[in-house]
Peer 1: 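Starting off with a structure, shown below.
Read the numbers this way: they start at 1 and go in the same order the structure lists the ligands and their atoms. The figures here come from the full heavy-atom set of this structure, side chains too, leaving out hydrogens, waters and symmetry mates.
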Amino acid sequence: MANVKVPYLDLKAQYLSIKPEIDAAIARVLDSCQFVLGSEVAGFEHDFAAYSGTTECIALNSGTSALHLALLAAGIGPGDEVITVPFTFVASVAAILYANAKPVLVDIDPASFTIDPSAIEAAITPRTKAILPVHLYGQAADMDPIMEIARRRRLVVIEDAAQAHGAKYKGRPVGSIGDMACFSFYPGKNLGAYGEGGAVTTNNAEYARTVRMLRDWGQDRKYHHVLRGYNYRMEGFQGAILRVKLKHLEKWTEGRRAVVKQYNELLADCEVETPKEMSWGRHVYHVYTLRTSDRDGLQATLTAEGIQTGIHYPVPVHLQPAYADLAYGPGTFPHAEDAANQVLSLPLYPELSSQAIAQVADVARKSVGSKAPSVSHA
Ligand SMILES: Cc1ncc(COP(=O)(O)O)c(C=O)c1O
């Protein structure tokens, strides 16, 4: 793109808005020399558990590590099956393979882009151990029917909340609904570190104890390794930065929701489908994703006008070459496959100006035209 007029993300704008607090937090870590775990990370764990409505938070070095350790803490291993979706970031599925278990995929509900609860039961076998719903784009999956199936069939539920910090389901924060939940603090996330980061939240003290040991070489005390663990510890800098940023998260989420409201109004009569906030919860809009039958055309027009966009995700996991051995061919998950062909994410961050939003909407409107019959999900 020759001349970027509206970037997809602007991490610098957010840093500048809180620079003195961040710089002081970094200085605190330098002064203390607690570069790995330490008091800032412990403080963040305390604050993020409170924010998520859980008793426990274990800070890690990525969201992928969070998924891996949550699965291990649930006792999942070779021969076990875990149900999740093909329309997600690849880590949701990859982590199941890290645990040497088998990912069993089910299609999404096209309205919410999250797991279709009515498709779960048919995928359960005697080997199924867990359901891993993904709160995609910042919207909670429909957790009540998922939890009902899990309790009845004695399955563990691990929420993939990597994109959904602060999202709610029927008034409850995501991260507190399943048996464990996994967050990512990758820099572009709604709550982003200045490097890699992740966490597991849970109300189960035993799971928390296991995850805590596994992140630090399986030690129950120094150099006593009771489990075969990993080096998945959070760095001191990230804990200190996340602690500062968490205080601003609600304000930023409201900022995102205000941007979304403007986009929705400006695009209401255009030949695109704007994202739906389901009646069951609070969407935190990690991304603002439109659907349109001419996605590539719309993206090309926006690119030519200096507007950056993203596609989350262009190829569902079951059609990725690296996961061909899961043996799901094209056509297996029509809703996921349609979504992959139709979705386009517009620039979205709390600091995005009304002027920039209007500019993006204007170009989009000219590219797609006014509403004719709505885009089909089928
Ligand atoms: C849905 C989902 N799950 C898991 C992850 C993995 O998180 P991380 O990149 O921190 O390892 C991501 C991150 O992009 C994600 O979007």
Side-chain angles (χ1 to χ4, degrees), residues 8-9 11 41 44 48 57-72 82-99 103 105-106 108 112-115 130-141 143 146 157-167 174-175 177-178 180-201 211 214-215 230-235 237-239 241-242 245 256 283-289 310-318 320 322-323 336 339-340 343 345 348:
Y8 180 71
L9 253 189
L11 297 180
V41 171
F44 172 66
F48 196 68
C57 168
I58 306 96
L60 304 167
N61 63 346
S62 75
T64 306
S65 302
L67 288 165
H68 184 193
L69 296 194
L71 289 158
L72 294 184
V82 178
I83 295 174
T84 192
V85 284
F87 193 61
T88 179
F89 181 63
V90 68
S92 316
V93 175
I96 298 168
L97 293 164
Y98 284 14
L105 305 181
V106 301
I108 55 165
S112 68
F113 295 105
T114 60
I115 193 165
I131 308 172
L132 197 152
V134 182
H135 304 314
L136 199 76
Y137 300 157
Q139 171 143 266
M143 292 303 291
I146 296 169
V157 174
I158 298 173
E159 299 172 63
D160 184 340
Q163 304 187 358
H165 323 73
V174 304
I177 304 165
M180 282 177 272
C182 304
F183 289 87
S184 165
F185 306 118
Y186 186 75
K189 293 290 194 284
N190 291 23
L191 179 62
Y194 290 169
E196 303 278 354
V200 171
T201 56
V211 172
L214 286 173
R215 79 169 165 187
Y230 301 82
N231 175 359
Y232 282 176
R233 301 169 298 227
M234 179 177 275
E235 293 185 348
F237 286 121
Q238 306 312 336
I241 288 161
L242 287 166
K245 293 185 76 176
R256 285 176 179 277
H283 197 322
V284 294
Y285 296 102
H286 173 52
V287 291
Y288 180 87
T289 298
I311 298 177
H312 304 96
Y313 295 92
V315 182
V317 179
H318 69 289
Q320 297 282 359
Y323 298 94
V343 292
S345 308
L348 172 59

Peer 1: Check for a donor-acceptor pair, side chain of Q320 on one end and backbone N or O of V315 on the other, with a separation under 3.5 Å.
Peer 2: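 A pair under 3.5 Å: yes.
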Peer 1: Taking the side chain as every heavy atom from C-beta outward, state whether I158 and C182 have any pair of such atoms under 4.5 Å apart.
Peer 2: yes
Peer 1: Tell me if the centroids of the rings in F185 and F48 come within less than 6.0 Å of each other.
Peer 2: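 Yes, close enough.
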Peer 1: Does any N or O in the side chain of H135 come within less than 3.5 Å of the main-chain N or O of H165, such that one atom is a donor and the other an acceptor?
Peer 2: no
Peer 1: Could you list which atoms of ligand 1 come closer than 4.0 Å to a heavy atom of S62?
Peer 2: 10 (O), 11 (O)
Peer 1: For ligand 1, which atoms have a heavy atom of T88 less than 4.0 angstrom away?
Peer 2: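 Per the distance check, 1 (C).
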Peer 1: With atom 13 (C) of ligand 1 as the reference point, say which of H135, E196, H68, K189 has the nearest heavy atom.
Peer 2: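 It is K189 whose heavy atom sits nearest to atom 13 (C) of ligand 1.
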Peer 1: Among all protein non-hydrogen atoms, which one is nearest to atom 12 (C) of ligand 1, and what is the separation to 0.1 Å?
Peer 2: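 Checked against all protein heavy atoms, atom 12 (C) of ligand 1 sits closest to F89 CD2, 3.5 Å.
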Peer 1: Do V287 and L348 make a side-chain contact, defined as non-hydrogen atoms from C-beta onward lying under 4.5 Å apart?
Peer 2: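 Sidechains of L348 and V287: no contact.
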Peer 1: Who's closest to atom 15 (C) of ligand 1 heavy-atom-wise, of A162, G63, A91, A94?
Peer 2: A162
Peer 1: Which protein non-hydrogen atom lies closest to atom 1 (C) of ligand 1, naming both residue and atom, and how far is it?
Peer 2: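 Going atom by atom, the protein heavy atom closest to atom 1 (C) of ligand 1 ends up being D160 OD2, 3.5 Å.
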Peer 1: Would you say the side chain of Y232 lies within less than 4.5 Å of the side chain of L69, judging by non-hydrogen atoms?
Peer 2: yes
Peer 1: Hey, does A95 sit under 4.0 Å from ligand 1 if you only count heavy atoms?
Peer 2: no
Peer 1: Ignoring hydrogens and geometry, is there a side-chain-to-backbone donor-acceptor pair from N190 to G166 under 3.5 Å?
Peer 2: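 Here the side-chain-to-backbone pair does not exist.
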Peer 1: Which protein heavy atom lies closest to atom 16 (O) of ligand 1, and at what distance to 0.1 Å?
Peer 2: Q163 NE2, 2.8 Å
Peer 1: Which protein heavy atom lies closest to atom 9 (O) of ligand 1, and at what distance to 0.1 Å?
Peer 2: S184 OG, 4.0 Å
Peer 1: Donor-acceptor pair, E159 side chain versus G175 backbone, under 3.5 Å?
Peer 2: yes
Peer 1: Taking only heavy atoms of G197, which atoms of ligand 1 are found under 4.0 Å from at least one of them?
Peer 2: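 What qualifies from ligand 1 is 10 (O).
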Peer 1: Out of the candidates D160, L132, I131, only one should pair with T84 under the side chain to side chain contact (heavy atoms under 4.5 Å, CB included) rule; please name it.
Peer 2: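 Running side chain to side chain contact (heavy atoms under 4.5 Å, CB included) over D160, L132, I131 with T84 returns exactly one hit, L132.
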Peer 1: Just jot down the ligand 1 atoms closer than 4.0 angstrom to any heavy atom of V134, in number order.
Peer 2: 1 (C)
Peer 1: Indicate yes or no: does an N/O atom of Y186 lie under 3.5 Å from an N/O atom of ligand 1?
Peer 2: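 No, since none of the N or O atoms of Y186 sits under 3.5 Å from an N or O of ligand 1.
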Peer 1: Starting from atom 6 (C) of ligand 1, what is the nearest protein heavy atom, named by residue and atom, and what distance separates them?
Peer 2: T64 OG1, 3.5 Å
